[in-house]
Structure formats: C-alpha cells, structure tokens
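Okay, structure first, notes after.
Side chains are part of it too, since the values below use all heavy atoms of this structure and drop only hydrogens, waters and symmetry mates. Lettering follows sequence order; numbering is per chain, from 1.
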Amino acid sequence: MRIATWNVNGLRARLEYITKWLEDKQPDVVGFQELKTPDDVFPIDHFKELGYEALVHGQKSWNGVAILSKHPAELVHTGLKGQSDVGSRLITADIDGKFEFTTVYCPNGKNLEHADYAGKLGWYDSLTKQWQSGKNGPRIICGDFNIVPEPIDGWKGEAADGGIFHTKEERARLQSLMDTGLTDLYRHFYPDEQAFTWWDYRGGSFHRKHGLRIDFILATEGVDALTKDVVIDRDYRRKIDELTPSDHAPVYADIDF
DNA sequence: ATGGCTCTCGCGGAGAGA
C-alpha cells in the first residue's frame, strides 16, 4: 500500500496539480495539510471520481487537514483536546481495519519571541499525550511537523541551530513524540542522506538546494519491517505546464499492509 | 543583512507561511 503526506499550500489553488500527482503515483492513502478550505466547499466529488473517499477537517483561510483513501476509511477523531483555538490540524482514520492513519499540520511558531512559539510547544505536548493514549496495533502519523530534527535535515546545517524550527525545545518535543516508539521511515531507510521536503518559494531556493526536511512519515514498531521504500517526490516541487507547485514536495512510503 | 513568492479574502493590500 502506498501511504503519502503532502502539505499542498491551498487545496483549491492546487487541485489540478494534485490531480496530476494522484494519477501519476496512485497512492492508496494520502494525508493533506494546509487545505485553506472550509469543509463545505471541499471537492469531495472530484476525489470520488478519482477513486478516493475523503475525510476532512478544514476551516476558512488557513490550516486544514484531510485524508484520501482508496480503501474503506472510518473517521476516528479530529483535533487535539484543548487545542481547537490553534486551528484544524489533526485528523485520524482507521484504514480498512488494517492500521490507523493520522495526519498533522503542526503549528509554525513564527519566531522565538512570539506567543505562537509557546503555543507550538504546548501543541506538541498535547499531541504526544494523545498519541500515547492511542490504541495498540500499527499506526502511522505523518504530516508537516515544522521542526528540523537534526542539522543534516536543513541546508544551513548546524549554523541554523537555535533558530525557529531548530531550537532545543522544539527538538525535545519532537523527540518525546518519537520516544513513544515511532520510527522516521525516511531516516530509517536513508540514515546519512541530506534530503529536503520544503523549499522557500523566494530566491530560487529549490534550485539552490536551500531546503528543510520537515515532512515525515512516522510509524509504530514493526511497520518499518513492512516498508519497502520511502520517496521524497522532488519532481512534484517543480512547475508542471505553468501550474504552480506547493512549496512542499509529497513524501510517500510503500508498505505491505 | 534583507527580501526574494504564493496563498486567502475579497477587490486593496494585509497576514501567514517556514
């Protein structure tokens, strides 16, 4: 089964681009982030025509997450307890009784002095707490985590340490989540590769290889042994026929569920 | 050092993103 995550930076603005990728790569289950779309105008029927059912936790203008699935998918829950004021950022579904699939859009934090930074740390605490209370069995949590785990995961390397996305506090929060028993599937397969999932739109960052790896597919114990490969789909960070890409590339894993 | 683009909302230009 092909499992994917993608911050699309506006689902409606990206719909034609997203459709090309779905047709080309045929993922079975996809987590989208940054829909910027209210639930009542989410193009459910469009995805149905492409063979997907959709579960949506959206909002007007900002944030928003959704799950597409070619297999029967049942909504488990949306959101984090006590965190509804930071927007629609988490959705979980059971996929055909085989595994639980969660996708998240973690808060950005803006800068170290901004109130959103403390809010980001608190959001992570809530996430780890809720994740720990989840059920046993195979689970995937993927999405845009907005934290650079290690110096190798950013183009500036150690020079970026201490800045937003690269602080000890943020990295400790991500580590606490990982310490519940999660494996970062990309890093598991490619322990020494420098690979990015996001590049700034400005200044030709993509071509200058100025990016960050902040989008992950994390899996509970045993799923790594079922995983055949993990791909950061850089080709889909490029313009296609004058269609503007997201600033994030899709990431997918092929897993024998 | 800074800003460099793109999105939404809504019709100008501000706010957010990472």
Side-chain angles (χ1 to χ4, degrees), chain A residues 5-19 21 32-43 56-66 83 85-90 103-121 123-124 142-171 173-174 194-216 232 234 236-251:
Chain A
T5 179
W6 196 5
N7 178 322
V8 294
N9 185 24
L11 182 121
R12 288 170 292 169
R14 206 71 61 217
L15 196 57
E16 193 175 348
Y17 196 108
I18 291 169
T19 299
W21 180 75
F32 287 135
Q33 307 89 39
E34 264 203 282
L35 307 180
K36 300 183 177 179
T37 304
D39 289 357
D40 59 357
V41 294
F42 186 94
V56 186
H57 181 43
Q59 69 179 84
K60 189 178 177 183
S61 304
W62 294 305
N63 309 313
V65 286
Q83 296 287 342
D85 55 333
V86 295
S88 301
R89 295 178 179 276
L90 181 148
T103 196
V104 292
Y105 175 46
C106 301
N108 173 296
K110 293 192 174 71
N111 59 68
L112 273 57
E113 292 75 34
H114 200 283
D116 284 8
Y117 178 66
K120 179 181 190 176
L121 301 179
W123 190 90
Y124 261 93
C142 63
D144 175 0
F145 287 81
N146 275 331
I147 294 176
V148 176
E150 297 181 84
I152 192 177
D153 297 307
W155 64 278
K156 289 181 179 170
E158 291 180 2
D161 285 355
I164 189 73
F165 284 44
H166 307 73
T167 67
K168 286 181 176 162
E169 292 167 306
E170 291 167 294
R171 285 172 168 164
R173 293 314 192 286
L174 181 59
Q194 183 170 60
F196 307 135
T197 64
W198 171 88
W199 298 261
D200 201 309
Y201 281 123
R202 300 168 293 184
S205 294
F206 182 73
H207 293 287
R208 293 151 70 98
K209 305 186 192 307
H210 291 183
L212 304 173
R213 192 176 74 92
I214 53 177
D215 301 86
F216 319 127
I232 297 173
R234 290 178 77 260
Y236 290 81
R237 176 58 180 78
R238 302 177 190 278
K239 190 170 273 196
I240 298 178
D241 304 334
E242 298 310 305
L243 294 175
T244 304
S246 171
D247 45 357
H248 295 251
V251 182

Write down the distance between [atom1] ([X]) and [atom2] ([N]), rounded to a whole number of angstrom.
X: A:Arg89; N: B:dA16; atom1: CZ; atom2: C1'; result: 11 Å
X: A:Tyr201; N: B:dT6; atom1: OH; atom2: C1'; result: 5 Å
X: A:His210; N: B:dC5; atom1: NE2; atom2: P; result: 15 Å
X: A:Leu11; N: B:dC7; atom1: CG; atom2: P; result: 13 Å
X: A:Leu35; N: B:dA16; atom1: CG; atom2: C1'; result: 16 Å
X: A:Asn111; N: B:dA16; atom1: CG; atom2: P; result: 11 Å
X: A:Asn63; N: B:dA16; atom1: CG; atom2: C1'; result: 10 Å
X: A:Glu16; N: B:dT6; atom1: CD; atom2: C1'; result: 17 Å

Looking at CZ of A:Arg12 and CZ of A:Phe42, how far apart are the two atoms once the value is rounded to the nearest 0.5 Å?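 The distance works out to 11.0 Å.
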
Determine the interatomic distance between [atom1] on [N] and the same-named atom on [M]; round to the nearest Å.
N: B:dC11; M: B:dC7; atom1: C1'; result: 16 Å
N: B:dA16; M: B:dA1; atom1: C1'; result: 22 Å
N: B:dT6; M: B:dG10; atom1: P; result: 23 Å
N: B:dG13; M: B:dT2; atom1: P; result: 26 Å

Exactly one of A:Val8, A:Asn7, A:Ile232, A:Thr5 should register a side chain to side chain contact (heavy atoms under 4.5 Å, CB included) with A:His248. Which one does?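 The single option meeting the side chain to side chain contact (heavy atoms under 4.5 Å, CB included) with A:His248 is A:Asn7.
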
Would you write the dot-bracket representation of DNA chain B, where each base gets (, ), [, ], | or . depending on whether it forms a Watson-Crick or G-U pair under 3.5 Å and with which partner? ....(((((...))))).

Taking the side chain as every heavy atom from C-beta outward, state whether A:Phe216 and A:Asp153 have any pair of such atoms under 4.5 Å apart.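 With C-beta onward as the side chain, the pair stays apart.
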
Compare the minimum distances between each of [options] and the side chain of [X], then state the nucleotide with the smallest one.
X: A:Ser61; options: B:dC9, B:dC5, B:dC7; answer: B:dC9
X: A:Lys60; options: B:dG17, B:dA16, B:dC9; answer: B:dC9
X: A:Trp62; options: B:dG4, B:dC7, B:dA16; answer: B:dA16

Is it the case that A:Thr244 and A:Tyr201 place a side-chain donor and acceptor less than 3.5 Å from each other?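 On atom types as modelled, these side chains do not qualify, holding no pair under 3.5 Å.
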
If the plane angle is over 60° it's perpendicular, under 30° parallel, otherwise tilted; pick one for A:His210 and A:Trp155. parallel

Heavy atoms within less than 4.0 Å of DNA chain B: which residues of residues 149-170 of chain A have one? Give them sorted by number.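 Here the set is A:Phe165.
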
Sorted by chain and number, sequence neighbours left out, salt bridge (charged side-chain N to carboxylate O under 4.0 Å, His left out) with A:Arg238 holds for A:Asp235

Determine the contact category for A:Asp200: base if any of its heavy atoms lies under 4.0 Å from a base atom, sugar-phosphate if only primed atoms, P, OP1 or OP2 are that close, otherwise nothing. nothing

Looking across every strand, which nucleic acid part, if any, lies under 4.0 Å from A:Phe145 by heavy atom: base, sugar-phosphate, or nothing?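 Here A:Phe145 touches no strand at all.
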
Looking at A:Arg14, does any N or O in its side chain come under 4.0 Å of the phosphate oxygens OP1/OP2 on B:dT8?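 So the side-chain polar atoms of A:Arg14 never come under 4.0 Å of the phosphate oxygens OP1 or OP2 of B:dT8.
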
For side chain to side chain contact (heavy atoms under 4.5 Å, CB included), just list the numbers for A:Phe206 and A:Phe196, CA-CA rounded to whole Å, side-chain angles, deciding distance to a tenth of an Å, and then say yes or no. CA-CA 10 Å; A:Phe206 182 73; A:Phe196 307 135; over 6 Å; no

Keeping the roles fixed (side chain from A:Gln194, backbone from A:Gly154), state whether a donor-acceptor pair exists under 3.5 Å.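 Answer holds: yes.
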
Heavy-atom donor-acceptor pair, A:His114 side chain to A:Leu112 backbone, under 3.5 Å: no

Given side chain to side chain contact (heavy atoms under 4.5 Å, CB included), test A:Tyr105 with A:Asn146 step by step and report yes or no. CA-CA 8 Å; A:Tyr105 175 46; A:Asn146 275 331; 4.0 Å; yes

Nearest-nucleotide wise, let me know which of A:Asp144 and A:Lys239 is further upstream toward the 5' end of DNA chain B.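 Its nearest nucleotide being more 5', the pick is A:Lys239.
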
Whichever of A:Trp198 and A:Arg208 has its nearest DNA chain B nucleotide further upstream toward 5': A:Arg208

